[in-house]
Trainee: 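What follows is a single structure, and I will ask about it in a moment.
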Amino acid sequence: MPPLRRTSLADQAADALLARVRSGEWAVGDKLPGETTLAPQLGVGRSTVREAIRRLAGIGVLATRQGAGVFVTRLDAPSGLDVLLDGAAIDAVLEARIAVEVEAATLAARRRTEEDLDAVRAALAIRAAHRADLVRHVETDTDFHRAVIAAAHNPVLLEMFDGIAAHLRRAMIDMLRTRDEDFGGDDDQLSHAALLAAIEHRDADAAARLSREHLAGMLTRRDAH
């Protein structure tokens, strides 16, 4: 890589590192080489590398872990939606979920295939197996809801959900950590099984109602705390 010769070297170094992340040189979770390796590659000093890393950490692409190094946390600079979601209240995220998922549940009941049902059943079973661990519970719950949305066969709804999924997981983990109730209890699992049954029986009205009740219930419980 040729040395950087333009002004604002920290910005140029940050751009160069971001380009390498985007190219796939490092994946999410990978550790970057140390400053002594990166500095000669970029043709700048170690202090410039440190500043470039700070700038990428500021937009969530990199994260510095004390005593461990610098790690990739996302593959691109945040979009306008990412910036909006980073500052959004959890109530707003839950309301967005209702808007997307209720319609998706309705469409899933009308359009699902046997392969879709197999995917939703598998996601529900995995969700049931990880009720004791908060983080895994949220991850598997997100996978279940994504499988339902995929069954709607509407790529725009799926793209919208994927756009908020990472923020949704963080928001749900933060919310559930503040609540005393059993986040993975039997009633919760049964409500998801009922949604699957409505989709399986092509009952669009029931699927929409169950989806709305589940998500609106989370919002109500959130407001009560």
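What you see below is based on every heavy atom in this structure, not just the backbone, and it leaves out hydrogens, waters and symmetry mates.
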Trainee: Give a yes or no on whether the backbone of D133 and the side-chain of H137 come within a donor-acceptor separation of less than 3.5 Å.
Mentor: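 Side chain of H137 to backbone of D133, a donor-acceptor pair under 3.5 Å: no, none is there.
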Trainee: For A68, is there any backbone N or O sitting under 3.5 Å from a side-chain donor or acceptor partner on K31?
Mentor: yes
Trainee: If every non-hydrogen atom of A152 is compared with every non-hydrogen atom of A104, which pair is closest and at what distance?
Mentor: CB-O, 3.5 Å
Trainee: Rounded at 0.5 Å granularity, tell me how far CZ in R112 sits from CZ in R110.
Mentor: 13.5 Å
Trainee: Hey, could you give me the CD1/CG distance between I149 and D162, rounded to the nearest 0.5 Å?
Mentor: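 Nearest 0.5 Å value for the CD1-CG distance: 8.0 Å.
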Trainee: Can a side-chain donor-acceptor contact be found between H130 and D141 if the only test is distance below 3.5 angstrom?
Mentor: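 No - no donor-acceptor pair under 3.5 Å links their side chains.
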Trainee: Any donor-acceptor pair under 3.5 Å linking the side-chain atoms of T113 with those of E115?
Mentor: yes
Trainee: Nearest 0.5 angstrom please: L195 CG to R209 CZ, how far?
Mentor: 10.5 Å
Trainee: Closer than 4.0 angstrom, basic N to acidic O: yes or no for D143 and R146?
Mentor: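 Judged by the 4.0 Å cut-off on N to carboxylate O distance, D143 and R146 do not form a salt bridge.
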Trainee: Do the two ring centres, one from F144 and one from H192, sit under 6.0 Å apart?
Mentor: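 Judged by ring-centre distance (under 6.0 Å), F144 and H192 do meet the cut-off.
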Trainee: Okay, side chain of R46, backbone of E35: is any donor-acceptor separation there less than 3.5 Å?
Mentor: no
Trainee: Taking L124's backbone N and O only, do any of them form a donor-acceptor pair with Q189's side chain (distance below 3.5 Å, no angle check)?
Mentor: yes
Trainee: For V61, is there any backbone N or O sitting under 3.5 Å from a side-chain donor or acceptor partner on T73?
Mentor: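 Present.
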Trainee: For the atom pair CD (E103) and OG (S211), what is the distance rounded to the nearest 0.5 Å?
Mentor: 10.5 Å
Trainee: Would a hydrophobic clustering, with Ile, Leu, Val, Met, Phe, Trp and Tyr connected at side-chain separations under 4.5 Å, put L215 with M160?
Mentor: yes
Trainee: Step by step, would you call Q12 with D15 a side chain to side chain contact (heavy atoms under 4.5 Å, CB included)?
Mentor: CA-CA 5 Å; Q12 298 304 319; D15 288 345; 4.3 Å; yes
Trainee: So that I can tick it off, tell me whether R212 and E101 are bridged by a salt bridge, with the cut-off set at under 4.0 angstrom between side-chain N and carboxylate O.
Mentor: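 Salt bridge between E101 and R212, a charged N being under 4.0 Å from a carboxylate O: no.
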Trainee: Which atom pair, heavy atoms only, marks the closest approach of A207 to A109?
Mentor: CB-CB, 4.1 Å
Trainee: Measure the spacing between CZ of R22 and CZ of R74 and express it to the nearest 0.5 Å.
Mentor: 11.0 Å
Trainee: If you draw the axis of the six-membered ring of F71, does the NZ or CZ of R65 fall within 45° of it and under 6.0 Å from the ring centre?
Mentor: yes
Trainee: Between D203 and D205, is any pair of side-chain heavy atoms under 4.5 Å apart?
Mentor: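 D203 reaches D205 side chain to side chain.
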Trainee: Write down the atom of A52, the atom of A13, and the distance for their closest heavy-atom approach.
Mentor: CB-CB, 3.7 Å
Trainee: Do T48 side-chain atoms and V44 backbone N/O form a donor-acceptor pair below 3.5 Å?
Mentor: no
Trainee: Do L210 and V102 sit in the same hydrophobic cluster, where Ile, Leu, Val, Met, Phe, Trp and Tyr count as joined when their side-chain heavy atoms come under 4.5 Å apart?
Mentor: no
Trainee: May I ask you to decide whether R202 forms a salt bridge with E200, counting only side-chain N to carboxylate O separations under 4.0 Å?
Mentor: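 Judged by the 4.0 Å cut-off on N to carboxylate O distance, R202 and E200 do not form a salt bridge.
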Trainee: Should V148 and M172 be regarded as members of a common hydrophobic cluster, given that ILVMFWY residues are connected when their side-chain heavy atoms come within less than 4.5 Å of each other, either directly or indirectly?
Mentor: no
Trainee: Roughly how far, to the nearest 0.5 Å, is the CG atom of L196 from the CG atom of L190?
Mentor: 12.0 Å
Trainee: A side-chain contact here means heavy atoms from C-beta on lying under 4.5 Å apart; do D30 and V21 qualify?
Mentor: no
Trainee: When you group the ILVMFWY residues by side-chain heavy-atom contacts below 4.5 Å and let the links chain together, are L18 and L9 in the same group?
Mentor: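 Yes: a chain of side-chain contacts under 4.5 Å links L9 to L18.
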Trainee: Hey, any chance V120 and I126 share a hydrophobic cluster, counting ILVMFWY side chains that come within less than 4.5 Å of each other, even indirectly?
Mentor: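 Cluster IDs for V120 and I126 differ.
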Trainee: Salt bridge (charged side-chain N to carboxylate O under 4.0 Å, His left out) between D188 and R127: does it pass, once the steps are laid out?
Mentor: CA-CA 11 Å; D188 179 61; R127 183 184 188 277; 2.5 Å; yes
Trainee: Can you find a heavy atom in the side chain of W26 that is under 4.5 Å from one in the side chain of L17?
Mentor: yes
Trainee: Taking T140 for the side chain and R136 for the main chain, is one N or O donor matched with an acceptor at less than 3.5 Å?
Mentor: yes
